[in-house]
Undergrad: 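Can you read through this structure? Questions will come right after.
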Amino acid sequence: MPLASVHYTSPDGEEGYPGELNRGHRHLLNDNALRTDAMRDHPDKPTVVNLTHHSYFNLAGAGSGTALDHELQIVHLDSITRRPMPAGIPTGGFLPVKGTPFDFNNPPASASVIESDHEQIKFGLGYDHNWVLQNQSGDLVLAATLIDPQSSRTMEVLTTEPGIQFYTGNYLDGSPDRKGRQGS
């Protein structure tokens with residue numbers, strides 16, 4: 001059953017997009033699971049659009065401590081896109097993940113590896129990287145699983161895309177306060 005459909009029309013020139021851009025996506029609640037589905041952009045002029053969904057969940061629940069105890073697996077990958085500083089924009093080069101804090105292939109890895117001294121983690125002040133997925137077919141596949149080991153709550157990310165961006169909120173200013181209400 002649909003929980004909510006969200007639609008926004010960006011007028012010509014807003015955020016630098018040429019022409020009008022209609023955005024929409026749908027949230028579904030079914031069998032005790034929340035699903036974000038059907039993200040679509042419809043520009044009326046040729047433009048590049050990169051859709052994303054930011055899920056900032058502590059699966060243990062508000063007031064239950066850090067999400068760094070969550071266990072993360074990003075599947076079917078062998079590299080990330082290189083992200084040099086100061087701009088932090090990927091160069092098109094790739095870095096292998098095997099044996100690094102970016103290797104989330106083997107289930108499960110604790111998110112606490114964010115505290116690593118790895119150069120790429122220092123550049124991003126944590127994780128803000130694109131993992132290159134081996135699935136290049138465009139089929140909908142499982143890309144990542146996040147588990148809270150205490151509650152067994154799980155978040156799965158499926159995608160048709162060739163990569164997944166994992167961002168740990170490194171540049172957030174503290175609002176909202178991560179407890180479901182805006183900070184002061």
Side-chain angles (χ1 to χ4, degrees), residues 25 27-37 39 50-85 88-91 93-174 176-180:
H25 66 271
H27 296 283
L28 303 163
L29 182 61
N30 192 6
D31 295 329
N32 203 26
L34 177 65
R35 176 178 169 167
T36 299
D37 194 16
M39 296 174 67
N50 187 11
L51 291 174
T52 188
H53 179 265
H54 294 281
S55 296
Y56 297 112
F57 294 113
N58 182 337
L59 298 177
S64 298
T66 179
L68 291 178
D69 295 332
H70 290 19
E71 298 168 344
L72 176 65
Q73 181 181 16
I74 302 176
V75 297
H76 311 299
L77 66 118
D78 56 16
S79 62
I80 60 169
T81 53
R82 187 171 181 282
R83 175 182 192 270
M85 285 308 284
I89 304 298
T91 62
F94 301 100
L95 295 173
V97 299
K98 188 168 179 81
T100 75
F102 294 90
D103 188 354
F104 289 103
N105 274 299
N106 298 316
S110 168
S112 66
V113 294
I114 194 172
E115 298 166 0
S116 165
D117 286 334
H118 192 280
E119 176 185 63
Q120 286 290 303
I121 291 178
K122 286 182 180 180
F123 285 168
L125 303 177
Y127 291 108
D128 188 10
H129 296 79
N130 178 63
W131 274 255
V132 180
L133 303 175
Q134 292 173 358
N135 172 46
Q136 302 292 312
S137 68
D139 293 336
L140 184 65
V141 296
L142 179 67
T145 303
L146 185 67
I147 300 170
D148 170 40
Q150 297 301 313
S151 68
S152 298
R153 288 186 191 108
T154 303
M155 179 169 54
E156 294 180 332
V157 177
L158 289 84
T159 187
T160 58
E161 302 305 312
I164 184 171
Q165 186 80 13
F166 176 44
Y167 173 62
T168 52
N170 319 333
Y171 300 101
L172 298 177
D173 67 0
D177 68 3
R178 316 296 183 267
K179 294 180 185 169

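The structure presented is a predicted model; accordingly, all values stated were derived computationally and were not measured.
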Undergrad: Could you tell me whether the side chain of Gln73 and the main chain of Phe104 form a donor-acceptor pair under 3.5 Å?
TA: no

Undergrad: Rounded at 0.5 Å granularity, tell me how far CD1 in Ile147 sits from CD in Glu71.
TA: 6.0 Å

Undergrad: Under the 3.5 angstrom rule, does the side chain of His70 hit a backbone N or O of Leu59 as a donor-acceptor pair?
TA: yes

Undergrad: Can you tell me how far apart CD (Gln120) and CG (Leu95) are? Round to the nearest 0.5 Å.
TA: 5.5 Å

Undergrad: Name all pairs fulfilling the side chain to side chain donor-acceptor pair (under 3.5 Å) condition that reach into residues 140-155, sequence neighbours left out, sorted by first residue then second.
TA: Asp148-Ser151

Undergrad: Please round to the nearest 0.5 Å and tell me the distance separating atom CD1 of Ile121 and atom OG1 of Thr168.
TA: 8.5 Å

Undergrad: At what distance, to the nearest 0.5 angstrom, does CD1 of Ile80 lie from CD1 of Ile164?
TA: 13.5 Å

Undergrad: As a test of understanding, state which of Phe166, Phe94, Phe102 forms a ring-ring contact (aromatic ring centres under 6.0 Å, His included) with His129.
TA: Phe102

Undergrad: Side chains of Leu77 and Val132: closer than 4.5 Å at any heavy-atom pair?
TA: no

Undergrad: Could you tell me the separation between the CD1 atom of Ile74 and the CG atom of Leu142, rounded to the nearest 0.5 Å?
TA: 11.0 Å

Undergrad: For the residue pair Ala143 and Leu133, what are the closest heavy atoms and their distance?
TA: CB-CD1, 3.8 Å

Undergrad: Hey, are the side chains of Val141 and His76 touching, using non-hydrogen atoms and a 4.5 Å cut-off?
TA: no

Undergrad: Can you list the steps and then say if Gln134 with Asp78 is a side-chain contact (heavy atoms from CB on, under 4.5 Å)?
TA: CA-CA 8 Å; Gln134 292 173 358; Asp78 56 16; 3.7 Å; yes

Undergrad: Looking at CG of Asp139 and CG of Leu158, how far apart are the two atoms once the value is rounded to the nearest 0.5 Å?
TA: 11.5 Å

Undergrad: Taking all non-hydrogen atoms of both residues, which atom of Asn58 and which atom of Ala67 are closest, and how far apart?
TA: ND2-N, 3.9 Å

